[in-house]
Each structure stands twice: as C-alpha cells, then as structure tokens.
Amino acid sequence: MTSPRRGRRPDAAHTPIRQLPWQQPSLTLEPSRIVSDDQIEAIHAESLGVLEEIGMDMLLPEARSILGKAGALVDGERVRIGRDIIAEALRTPPAEFTFHARNPAHNLRIGGKSIVFAPVGGPPNCSDLDRGRRPGTLEDAGNFVKLAQFFNTVHTAGGASVDALDVHASVRHLHITRNKMVYSDKVPFIYATGRARLFDGLEIIRLARGISHDQLLSEPSAYTVINTNSPLKLDAPMAMGIIEMARLNQIAVVTPFTLLGAMAPVTLAGGIVEQNAEALAGLALSQLTRPGAPFVYGGFTSNVDMKSGAPAFGTPEYMKATIIGGQLARRYRLPYRTSSTNAANSVDAQAAYETVFSLWAAIMGGGNVIQHAAGWMEGGLVASYEKFVLDADLLQMVQEFLKPVLVNSEEMGRAAMREVGPGGHFFGAQHTLQRYATAFYQPLISDWRNFQNWEAAGSPTAATRANALWKQALAEYQLPPFDADRLAAIDSFVARRVAEGGEKTDF
C-alpha cells in the first residue's frame with residue numbers, strides 16, 4: 001500500500017504553475033439543438049416501443065423481480081417494460097442535487113446548467129514520453145489522482161484513471177479507493193463491478209468524510225458509472241450497482257455504450273433510440289428501488305470504423321449523438337453525462353482535434369458531468385500523462401470562454417479611448433495598466449513566442465512542454481489536510497478487508 005507523503009516543493013529555478021482558481025463552471029449559452037421537439041418525441045415513443053415489444057435481458061434475478069412487481073412482463077431473463085412504468089419513473093428523480101466531497105469547498109452541483117469535468121477513468125494502460133505505453137500500476141493510479149487534485153479545472157478525484165494491474169483484482173479496489181480518498185478531497189467514483197467492491201468503496205468514503213451511515217444516506221457522496229451491455233442487455237453486476245446505489249441514495253450514472261454499426265443500428269437515429277431505451281430501463285430500475293434516488297442520464301453513442309471495426313470518437317456522428325442526448329436529458333429533466341474523447345494513438349493533432357470536437361459537443365449539448373475530460377487516449381485504452389495536462393489547459397480555456405462578458409461603463413473603455421486618442425496605442429493607458437496582469441487567459445501549454453525565440457529555446461512541441469508540466473505538477477502537489485483518526489480508521493478497514501480477501505475473484 002502506498003503511504004501518503006507530502007509533495008516536494010517546487011524547484012526555486014522554476015516558476016510555479018499558474019492556473020485558474022477552483023470554480024464550477026455553468027453553461028452561460030443556450031444549449032444546442034440538432035433535432036426538433038417533434039423528433040425528440042418520436043425518439044421517445046420509439047424507445048418505449050422497443051422496451052415494450054423487444055425488452056431487455058436482465059441477468060440479475062433481483063432486477064427482474066423488482067421490475068416484475070411493478071408490472072413488467074418477465075419471460076426468463078427477458079423483461080418487457082411498459083410505458084406506464086417509465087412514465088412513473090420519470091416523475092421522481094431530482095433534476096438537480098448536491099454531490100458532497102470530503103472537503104465541503106469541493107462540493108458540486110449536479111444538473112441544471114452546472115458543469116463537472118471528470119478525469120479519464122478505466123484504462124488498463126498508461127503512457128508518457130519517458131517510459132512509453134505500459135500496464136498501469138498502483139503508483140500510476142495514485143499519480144493521476146494527484147494530478148486531478150492539483151488541477152483546479154478537474155472537479156472530481158476520478159475513478160481509476162488507470163488500473164493498478166500490479167495489485168490483485170480481489171483487493172485492488174481497496175488500495176485504489178484508499179489512496180483516492182487520501183490524495184484528494186474532491187468527490188470520488190466507486191466501483192460497481194461487485195457488491196463487495198461497491199460496499200467497500202462506500203465505507204472508505206464514509207470513513208473519509210467522518211460521517212454516520214444516516215448522514216451518508218441523506219448526502220450523495222459517491223458516484224458510479226453503469227454501462228449497459230448493448231444491445232439491450234444489463235448484466236448482473238451493473239444491475240446490482242443500480243439497485244444498491246439507489247437504496248443508499250448515491251449517484252448512478254447509467255450510460256449505454258452504443259457504437260453505431262456494432263452494438264447499435266448503423267443509423268444515428270437507431271443508435272439514439274437504443275441508447276435512450278437502455279437508459280430509461282436503468283432509470284426504471286433505480287426509481288422502483290428508491291423513488292427520488294439521484295440518477296444521471298448517460299449517453300455514449302459513437303460509430304465504428306467500418307474498415308476495421310475499431311471504435312471512433314470525436315467524429316461528426318459522435319458530436320450529433322452527444323447533442324441529441326442532451327436534448328433527451330432536458331426533455332426528461334435529468335442531469336446529463338457525456339464524455340470528452342478521442343481515438344488517437346499518440347499525443348498529436350488527431351488527439352487534439354477529436355478531443356476539441358467531442359468536448360465542444362459535450363458543452364453545447366448541455367453536458368452536466370463530462371467524463372474522461374483529462375487524459376483519455378486510444379479510445380479509452382490508455383491514460384496519458386501528457387494528454388492529462390494538455391486537456392487541463394483546454395478545460396481552463398472552456399471555463400474562461402463560459403464566463404459572462406461584462407458590459408458597463410468601465411469595461412466599454414471610453415475613458416481609455418479618450419486618453420489614447422486617434423492613432424495611439426493602449427499599452428501604457430491607465431485602463432490597460434490596471435488590468436494587464438489578468439486581462440487575458442494565460443495558457444499552461446500554448447507557446448506564443450515568435451519563431452526565432454521559440455527556435456532558440458529548442459523548438460519545444462506541445463507534447464514536450466506537457467511532459468515537463470505534469471512532472472512539475474506532481475512536484476508541486478501538496479497532500480490535502482486529513483484528520484489522523486479518519487486515516488487510521490480507513491487503513492484499519494482496508495487491512496481487515498484485505499485479510500478477508502476483498503471481492504472474491506478466484507473460483
């Protein structure tokens with residue numbers, strides 16, 4: 001187990017990283033619309049038809065029982081869900097709620113116009129320019145939590161931004177979650193790939209916050225992502241995750257992973273109908289378990305490369321699906337989860353433009369929880385150190401863009417124009433001198449030197465600048481304050497659960 005250590009102080013020869021202060025951005029623009037209200041209603045009606053006629057395979061008997069008691073038709077593992085069940089389920093989830101962090105200053109608002117940027121989650125591999133592509137370790141997992149804590153524009157501690165493959169799967173979740181709650185005081189993700197993993201994660205979070213079971217029940221303090229097994233299937237661990245998170249009033253983010261032409265019809269409209277049907281089925285299971293449980297509508301529809309079958313991201317189809325998903329979430333008054341993704345294999349132009357396309361669609365689609373917003377590479381197979389800090393710069397730029405424009409007598413600058421007069425310049429104007437230090441966004445990565453100065457500095461690329469920046473961020477990282485008794489309680493719990501074997505995986 002990695003023990004907490006104070007981060008090294010930055011080298012005096014280096015200027016500390018200047019970044020924007022912690023803030024949760026809001027969508028200050030009107031969200032985009034691609035299809036009409038009538039078309040949204042047609043998608044909704046078709047989704048209900050899919051659930052009634054075809055249904056979904058539910059592999060967990062408890063899930064079938066809950067839905068069956070509500071009037072769904074259960075035939076073996078197949079469950080056909082009537083539109084009356086969906087209509088009732090849509091009445092109860094909150095449109096907005098507070099997500100509670102270990103540090104109350106990092107509490108988040110979920111829903112409405114609020115935006116949350118979450119880091120990459122789930123890759124088995126990581127990469128950096130020094131060591132290349134390799135399996136993730138517990139040290140790497142901890143480093144990504146530290147980067148998520150360090151950069152103010154990243155709002156959550158993330159899941160396992162990279163998996164710790166050097167730790168046995170039965171106890172891996174214990175070490176990762178323990179380190180996450182120690183290295184970060186932002187809101188956490190927990191695993192729902194097994195009942196023991198889920199309960200272990202929630203107990204570590206409860207101990208980290210120092211709250212009672214009753215307070216945990218009243219304050220959503222953890223979220224998990226539930227991926228359906230598209231097309232039209234929900235496996236036992238994921239169904240369990242929906243049920244148990246609802247029972248405990250924690251946040252389930254149900255996200256069908258519908259790839260056009262592979263796990264969904266090849267047409268965009270068909271893929272959206274399937275995504276919507278699967279998400280609504282998850283909503284029904286959640287709200288039947290506990291009416292009013294926090295629920296986030298997730299969308300992750302993209303296309304495949306029809307030449308190879310490989311997933312593609314940041315495509316025009318992905319952008320359209322993201323924006324339509326937002327229209328559906330707003331129709332249902334549900335918070336919306338989407339993602340910032342790419343399919344690039346290196347930190348290059350493809351990684352940049354696919355990320356910008358997918359992130360911009362997520363923003364303009366009204367995304368409330370934007371997953372994988374820092375560090376995602378190779379369609380989710382790799383967490384990249386360099387990409388993480390490049391994305392942090394991009395997220396800061398988006399935050400600055402979303403800030404309202406001030407229009408008042410001082411800002412409109414007539415006095416400055418009077419001072420300078422025709423044909424002059426504003427560099428020395430009082431209006432400029434009062435504002436020059438904070439007038440414009442200062443990038444973390446972009447290099448604005450002219451060619452001669454850039455060449456004299458060794459012609460650094462964005463990737464090489466990012467390589468230096470993530471190392472500097474880890475050097476400047478400081479462990480957030482943590483009560484010693486809470487840390488001792490967590491370590492005692494983890495030690496006991498490790499001795500008990502954690503989540504049994506070997507049969």
Side-chain angles (χ1 to χ4, degrees), residues 24-27 31 40 44 47 66-67 70 81 83-102 104 106-118 155-156 186-190 192 198 202 205-206 209 211-226 228 238-239 241-256 275-276 278-299 325-338 362 365-371:
Q24 186 178 2
S26 295
L27 183 62
I40 287 293
H44 172 66
S47 303
I66 290 170
L67 288 160
I81 306 171
R83 61 190 63 213
D84 56 327
I85 297 174
I86 301 298
E88 182 63 23
L90 285 167
R91 292 180 58 250
T92 53
E96 297 185 52
F97 55 87
T98 298
F99 190 174
H100 296 265
R102 174 161 79 81
H106 287 154
N107 288 355
L108 297 172
R109 194 68 183 161
I110 306 296
K113 292 185 175 295
S114 299
I115 298 171
V116 171
F117 294 130
H155 299 111
T156 83
K186 297 179 181 180
V187 296
F189 168 96
I190 60 169
L198 189 149
L202 283 174
I205 290 164
R206 187 189 69 82
R209 288 195 62 208
I211 60 175
S212 67
H213 291 281
D214 286 343
Q215 188 173 348
L216 180 69
L217 195 65
S218 66
E219 295 180 349
S221 303
Y223 79 106
T224 195
V225 172
I226 303 294
T228 55
M238 294 292 95
I242 293 175
I243 293 167
E244 296 298 350
M245 291 295 274
R247 281 178 177 150
L248 295 168
N249 199 40
Q250 303 303 306
I251 306 163
V253 183
V254 174
T255 310
Q275 168 191 292
N276 197 51
E278 294 178 5
L280 291 177
L283 173 70
L285 185 57
S286 166
Q287 299 305 300
L288 286 170
T289 301
R290 182 189 178 101
F295 182 93
V296 177
Y297 177 104
Q327 290 184 252
L328 287 162
R330 290 191 297 279
R331 189 254 188 240
Y332 300 135
R333 297 185 68 252
L334 291 170
Y336 179 40
R337 171 260 160 114
T338 179
N368 300 116
V369 179
I370 301 178
Q371 288 286 118

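Numbering of residues begins at 1 and proceeds along the displayed sequence. All values below come from the heavy atoms of this structure, side chains included, with hydrogens, waters and symmetry mates left out.
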*Asks:* Which value, rounded to the nearest 0.5 Å, describes the distance between L280 atom CG and I81 atom CD1?
*Replies:*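 L280 atom CG to I81 atom CD1 measures 9.0 Å (nearest 0.5 Å).
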*Asks:* If you compare all heavy atoms of S221 against all heavy atoms of P188, which two are closest, and at what distance to 0.1 Å?
*Replies:*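 It is O-CD, 3.3 Å.
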*Asks:* Would you mind reporting whether Y223 and T156 have side-chain heavy atoms less than 4.5 Å apart?
*Replies:*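 Result yes, sub-4.5 Å side-chain heavy-atom pair found.
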*Asks:* Tell me, please, which residues at least two apart from R330 pass salt bridge (Lys or Arg N to Asp or Glu O under 4.0 Å).
*Replies:*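 Not a single residue meets the salt bridge (Lys or Arg N to Asp or Glu O under 4.0 Å) criterion with R330.
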*Asks:* Measure the CZ-CD distance between R209 and Q215 for me, rounded to the nearest 0.5 Å.
*Replies:*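 Reported value, rounded in 0.5 Å steps: 5.5 Å.
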*Asks:* Of all the heavy-atom pairs spanning V187 and H155, show the shortest one and how long it is.
*Replies:*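 That closest heavy-atom pairing would be CG2-O, 3.9 Å.
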*Asks:* Can you name the closest pair of heavy atoms from V116 and R109 and give their distance?
*Replies:*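 What the structure gives for the nearest pair is CG2-O, 4.2 Å.
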*Asks:* Taking all non-hydrogen atoms of both residues, which atom of A284 and which atom of A89 are closest, and how far apart?
*Replies:*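 Residues A284 and A89, closest heavy atoms: CA-CB, 3.8 Å.
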*Asks:* Look at the side chain of Q250 and the backbone N and O of A222, then say whether any donor-acceptor pair between them is shorter than 3.5 Å.
*Replies:*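 Pair found, side chain donor or acceptor close to backbone of A222.
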*Asks:* Could you check whether any side-chain heavy atom of Y336 comes within less than 4.5 Å of a side-chain heavy atom of Q327, counting everything from C-beta outward?
*Replies:*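 No - every pair of side-chain heavy atoms lies 4.5 Å or more apart.
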*Asks:* Just wondering, do L108 and V369 contact through their side chains at under 4.5 Å, heavy atoms?
*Replies:*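 No, too far: nothing below the 4.5 Å cut-off.
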*Asks:* Of V254, V253, T255, which is the lone residue that meets side chain to side chain contact (heavy atoms under 4.5 Å, CB included) with I226?
*Replies:*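 With I226 as partner, V254, V253, T255 yield a single side chain to side chain contact (heavy atoms under 4.5 Å, CB included), made by V254.
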*Asks:* Might you point out which heavy atoms bring T224 and F189 nearest each other, and give the distance in Å?
*Replies:*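 Nearest heavy atoms, T224 then F189: CA-CE1, 3.8 Å.
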*Asks:* Give the C-alpha distance, both sets of side-chain angles, the deciding distance and a yes or no for side chain to side chain contact (heavy atoms under 4.5 Å, CB included) between I190 and L202.
*Replies:* CA-CA 7 Å; I190 60 169; L202 283 174; 3.6 Å; yes
*Asks:* I need the N249 CG to T289 OG1 distance, nearest 0.5 Å.
*Replies:*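 The CG atom of N249 sits 12.5 Å away from the OG1 atom of T289.
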*Asks:* With a 4.5 Å limit on heavy-atom distance, are the side chains of P335 and F97 in contact?
*Replies:*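 Heavy-atom side-chain distance check passes, below 4.5 Å.
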*Asks:* Check whether any side-chain N or O of Q287 sits under 3.5 Å from a backbone N or O of A293 as a donor-acceptor pair, and report yes or no.
*Replies:*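 Yes, the answer is positive, given that a donor and an acceptor are paired below the 3.5 Å cut-off.
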*Asks:* Stepwise, does the side chain to side chain contact (heavy atoms under 4.5 Å, CB included) test hold for L283 with I86?
*Replies:* CA-CA 8 Å; L283 173 70; I86 301 298; 5.6 Å; no
*Asks:* Write down the atom of A118, the atom of Q371, and the distance for their closest heavy-atom approach.
*Replies:*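 Minimum heavy-atom contact is CB-OE1, 3.3 Å.
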*Asks:* Using side-chain heavy atoms (C-beta onward) and a distance below 4.5 Å, is N368 in contact with E96?
*Replies:*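 No, side chains not in contact.
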*Asks:* State, yes or no, whether a side-chain contact exists between P294 and F99 at a heavy-atom distance under 4.5 Å.
*Replies:*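 Not touching, per the 4.5 Å side-chain cut-off.
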*Asks:* Answer yes or no: are there more than 12 heavy-atom neighbours, outside R333 itself, under 6.0 Å from its atom CZ?
*Replies:*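 12 or below, so no.
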*Asks:* Could you measure the distance from the CD1 atom of I205 to the CG atom of L216? Nearest 0.5 Å is fine.
*Replies:*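 These two atoms lie 8.0 Å from each other.
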*Asks:* Go through it in stages, so that I can follow the logic: the residues are V296 and V225, the test is side chain to side chain contact (heavy atoms under 4.5 Å, CB included), and I'd like the CA-CA distance, side-chain angles, deciding distance and then a yes or no.
*Replies:* CA-CA 9 Å; V296 177; V225 172; over 6 Å; no
*Asks:* Would you say the side chain of Y297 lies within less than 4.5 Å of the side chain of N276, judging by non-hydrogen atoms?
*Replies:*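 Result yes, sub-4.5 Å side-chain heavy-atom pair found.
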*Asks:* Should H100 and P220 count as side-chain neighbours, where that means a heavy-atom distance under 4.5 Å?
*Replies:*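 A side-chain contact exists here, since the closest heavy-atom pair is under 4.5 Å.
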*Asks:* Roughly how far, to the nearest 0.5 Å, is the CZ atom of R206 from the CG atom of L248?
*Replies:*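 CZ of R206 is found 11.5 Å from CG of L248.
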*Asks:* Please report the interatomic distance CG(L328) to CG(L334), rounded to the nearest 0.5 Å.
*Replies:*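 The distance works out to 10.5 Å.
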